[in-house]
Amino acid sequence: MAGVPPAGLDNEQMLGIAEKEMEYRVELFNKMTQSCFNKCVDNKYKESELNMGENSCIDRCVSKYWHVTNLIGQLLGSGRPPV
């Protein structure tokens with residue numbers, strides 16, 4: 001929420017908006033973490049650290065998740081219908 005606050009909003013309203021945005025970002029992070037973990041990490045833990053394949057899978061998964069989230073945000077912000 002960088003930049004100048006919209007006209008007509010007081011500090012309390014801006015704080016409420018910031019709290020909602022933080023809740024959204026925490027929820028997004030938790031969903032991404034759970035989704036990529038379930039997809040990339042074997043349920044049978046053999047090692048205390050991620051192996052190279054798991055690490056690579058998580059990197060790709062997180063990258064794709066953020067990319068799609070940004071695309072959806074841009075489409076919703078532009079008001080265009082999805083293709």
Is there a path from [X] to [Y] through hydrophobic residues (I, L, V, M, F, W, Y) whose side chains come within less than 4.5 Å of each other?
X     : Y     : value
Ile17 : Tyr24 : no
Val41 : Met52 : no
Ile72 : Val62 : no
Met14 : Met22 : no
Tyr45 : Ile58 : yes

Check: Leu71 and His67 side chains under 4.5 Å, non-hydrogen atoms: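 Counting from C-beta outward, His67 and Leu71 do come under 4.5 Å.
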Find the distance between CG (Leu50) and CG (Asp42) and round it off to the nearest 0.5 Å.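 Reported to 0.5 Å precision, the distance equals 11.5 Å.
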Any side chain to side chain donor-acceptor pair (under 3.5 Å) involving residues 26-41? Give me the pairs, sequence neighbours left out, ordered by first then second residue.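 Only Glu27-Lys31, Gln34-Asn38 qualify under side chain to side chain donor-acceptor pair (under 3.5 Å).
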Side chain to side chain donor-acceptor pair (under 3.5 Å) contacts in which one or both residues fall within residues 46-55, not counting sequence neighbours: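 Residue pairs passing side chain to side chain donor-acceptor pair (under 3.5 Å), neighbours aside: none found.
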Donor-acceptor contact below 3.5 Å, side chain Thr69 vs main chain Tyr65: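 Indeed, once roles are kept as given, a pair shorter than 3.5 Å links the two residues.
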Evaluate the pair Cys36, Cys57 and indicate whether the two SG atoms are within a distance below 2.5 Å.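 Taking the criterion (SG atoms under 2.5 Å apart), Cys57 and Cys36 fail it, so no.
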